[in-house]
Amino acid sequence: SDGEAVPAAQKAGWGTFLKQIASFTGDLSQLSAPPFILSPTSLSEFPSYWGEPTKEFLAITAGQTPEERQLLVTKWFLATLSGQFTRREKDTGSEKKPLNPFLGEQFIGDWNNGEVKLFAEQVSHHPPVTGYQLEGPSITYAGNCAQKTSFSGRTIVVKQVGHGILTVALPDGSKETYLITLPKLKIEGLWFGAPYVELSETSLIQGSHGLTTTIEYSGKGWVSGKAHSFKATVAKGPHISLANALFVISGEWTGESHYVKGSPADKEGKLFLNASGPTNPINVKPVEEQNEFESRRAWKAVADGIRKGDFDAASVAKTALENSERQKRKDEAAAGTPFQTRLFTTVQNDPEYHKLAALCKHTPADEDSYAFKGVSA
Ligand code: CLR
């Protein structure tokens, strides 16, 4: 029934919110949502999902051939998806609206006592764009993400604008790169007040050696039965028909997937990945030791308010933070010294991106890349 997951006192607010989004195009972060749907976590933390399958990320460099590494990169990518898109909903009963990062907001952490490190920074506020860099021994993944939203029926459609480039240093001193494009999301369950994410259409993993993984997503709709399903083909060049596939992997990105070599003739295949196992959460410094731009320190009062259900306190703290940010932009404009990002620099027309995009016939989006500057102690 209508809005069954919405607390009684917020039903009217939820109705207003749904009407608002139905007639809205652009930046969802600009809409104020009713309290029950607010998350205490900032969007600047989301790049950490890329590092949570730490084992799969670190395993990539052990691949002996381009084909093996293409499969290992594919496995790592697929292993990130349940964290990126379904775990929040499973943990809290629904997808929620994350905090909208302020310009220059940072999220820094590591896994395995520093073996893998993550640096993220909000490199743009209008529109919101996050740049990030994941670093492990002989492997780096750098990317940026923004979202374009539209409304279709009862569904919010979110186009992820951005891409990532994985760089692997090989034992012979050469480098291999992989372009990772991002799938489209649909936010469903809005009507019931219990939003959740489904993935749709396709995303690509293009290796500099010429192999391409094409991942096709499908959900619970009328075509296929199961939620969170995918079929991925690994082939020389973007997938056109199953006949030219070296490998076909299929299953659920929240659970088990299996692979077959060559085109599948209804064979079950061997287990490729079980994505439902435990995750490896990022380690982040205690708030007291963080710098003033780090997400959990800057948003602490807001997040505490949301967690305790003290939405007045959360709202006061949020307004204070936003006003102070607005003032900073005014001061910068008046002084003629525009804001400078601290961890990343903008790279226009990154040649590596264009080279890999051409290999998989991916139309490069009109977006920048960001190069990590490093951190000064
Ligand atoms: C951010 C980049 C991550 C993957 C990812 C997962 C979930 C997405 C999020 C991105 C962007 C913000 C998002 C979220 C799901 C819901 C949320 C689209 C793409 C929107 C802003 C919340 C809308 C409010 C409803 C819950 C009512 O790598």
Side-chain angles (χ1 to χ4, degrees), residues 3 5-6 10 13-22 24-53 76-101 105 107 118 120-124 127-134 141-152 154-164 180-201 203 217 228 253-254 282 295 306 367:
V6 180
Q10 294 180 43
W14 185 244
T16 311
F17 180 67
L18 290 184
K19 274 187 210 121
Q20 239 186 316
I21 38 184
F24 186 80
T25 47
D27 180 359
L28 258 191
S29 61
Q30 299 301 308
L31 285 181
S32 51
F36 82 92
I37 209 76
L38 300 180
S39 157
T41 305
S42 167
L43 207 49
S44 71
E45 295 205 13
F46 283 40
S48 68
Y49 294 125
W50 293 107
E52 284 192 3
W76 160 67
F77 173 82
L78 292 168
T80 69
L81 298 180
S82 58
Q84 307 247 29
F85 301 111
T86 63
R87 201 183 61 226
R88 291 176 304 280
E89 170 222 329
K90 285 191 182 133
D91 288 351
T92 68
S94 90
E95 183 63 82
K96 295 205 175 352
K97 188 171 185 283
L99 298 169
N100 185 24
E105 178 173 324
F107 186 66
L118 173 78
E121 180 175 25
Q122 195 68 10
V123 291
S124 166
V129 183
T130 314
Y132 58 85
Q133 166 120 341
L134 189 65
Y141 180 57
N144 56 278
C145 62
Q147 296 86 43
K148 269 209 182 108
T149 51
S150 56
F151 207 80
S152 157
R154 290 177 177 179
T155 305
I156 301 176
V157 179
V158 181
K159 183 179 172 350
Q160 294 198 75
V161 181
H163 64 269
I180 302 215
T181 73
L182 306 167
K184 194 174 254 183
L185 290 64
K186 291 191 281 184
I187 304 175
E188 291 169 352
L190 284 165
W191 192 255
F192 308 103
Y196 63 90
V197 172
E198 185 55 278
L199 297 178
S200 70
E201 300 185 17
S203 77
Y217 302 90
H228 310 320
W253 48 264
T254 43
I282 191 167
S295 183
I306 294 174
E367 49 168 284

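Read the numbers this way: they start at 1 and go in the same order the structure lists the ligands and their atoms. The first residue in the sequence is number 1, and the count goes up from there.
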Main-chain N/O of [Y] paired with [X] side-chain donor or acceptor, under 3.5 Å:
X: E198; Y: H228; value: yes
X: S152; Y: T155; value: no
X: E45; Y: S295; value: no
X: E367; Y: G162; value: yes
X: W14; Y: L190; value: yes
X: E89; Y: E95; value: no

- [ ] Find the distance between CD1 (I156) and OG (S150) and round it off to the nearest 0.5 Å.
- [x]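 Answer rounded to 0.5 Å: 9.5 Å.
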Open item on the list: Working to the nearest 0.5 angstrom, can you tell me the gap between E52 CD and R87 CZ?
Closed with: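 The CD atom of E52 sits 4.0 Å away from the CZ atom of R87.
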Open item on the list: Quick check: Q147 and ligand 1, any N/O pair under 3.5 Å apart?
Closed with: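 No, there is no polar N/O contact under 3.5 Å.
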- [ ] Quick one: look at I21 and ligand 1, take heavy-atom pairs under 4.0 Å, and tell me if it's side chain, backbone, both or neither.
- [x]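 For I21, no heavy atom sits under 4.0 Å from ligand 1.
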- [ ] Select one of side chain, backbone, both or neither to describe which atoms of I187 lie under 4.0 Å from any atom of ligand 1, heavy atoms only.
- [x]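 Looking at I187 and ligand 1, just side chain atoms fall under 4.0 Å.
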Please list the nearest protein heavy atom to [atom] with its residue and the distance rounded to 0.1 Å.
atom: atom 21 (C) of ligand 1; result: L28 CD1, 3.9 Å
atom: atom 19 (C) of ligand 1; result: Q160 OE1, 3.5 Å
atom: atom 17 (C) of ligand 1; result: P98 CD, 3.9 Å
atom: atom 24 (C) of ligand 1; result: K97 CB, 4.0 Å
atom: atom 4 (C) of ligand 1; result: Q84 OE1, 3.4 Å
atom: atom 12 (C) of ligand 1; result: L43 CD1, 3.9 Å
atom: atom 8 (C) of ligand 1; result: L185 CD2, 3.7 Å

Task: 4.0 Å heavy-atom contact, Y49 with ligand 1 - done: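 For ligand 1, residue contact (heavy atoms, under 4.0 Å) with Y49 is absent.
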Proximal ligand 1 atoms for [X], defined as those under 4.0 Å from one of its heavy atoms:
X: P195; value: 26 (C)
X: F17; value: 27 (C)
X: R88; value: 6 (C), 7 (C)
X: F85; value: 4 (C), 5 (C), 6 (C)

Task: Candidate pair L43 and Q147, rule side chain to side chain contact (heavy atoms under 4.5 Å, CB included), full reasoning - done: CA-CA 11 Å; L43 207 49; Q147 296 86 43; 3.6 Å; yes
Task: Step-by-step side-chain hydrogen bond (donor to acceptor under 3.5 Å, both in side chains) determination, Y141 to W50 - done: CA-CA 9 Å; Y141 180 57; W50 293 107; 4.8 Å; no
- [ ] Flag atom 14 (C) of ligand 1 as yes if some protein heavy-atom distance to it falls below 4.0 Å, otherwise no.
- [x]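 Looking at atom 14 (C) of ligand 1, one finds that no protein heavy atom lies closer than 4.0 Å.
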- [ ] Name the option, out of C145, S94, S48, S29, that contains the heavy atom nearest to atom 2 (C) of ligand 1.
- [x]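 Going through C145, S94, S48, S29 one by one, C145 has the nearest heavy atom to atom 2 (C) of ligand 1.
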Task: Winner among V158, V197, T130 once heavy atoms are compared against atom 18 (C) of ligand 1 - done: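 Nearest heavy atom to atom 18 (C) of ligand 1 lies in V158.
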Open item on the list: Any donor-acceptor pair under 3.5 Å linking the side-chain atoms of T130 with those of Q122?
Closed with: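 Note: Q122 and T130 side chains meet the donor-acceptor criterion.
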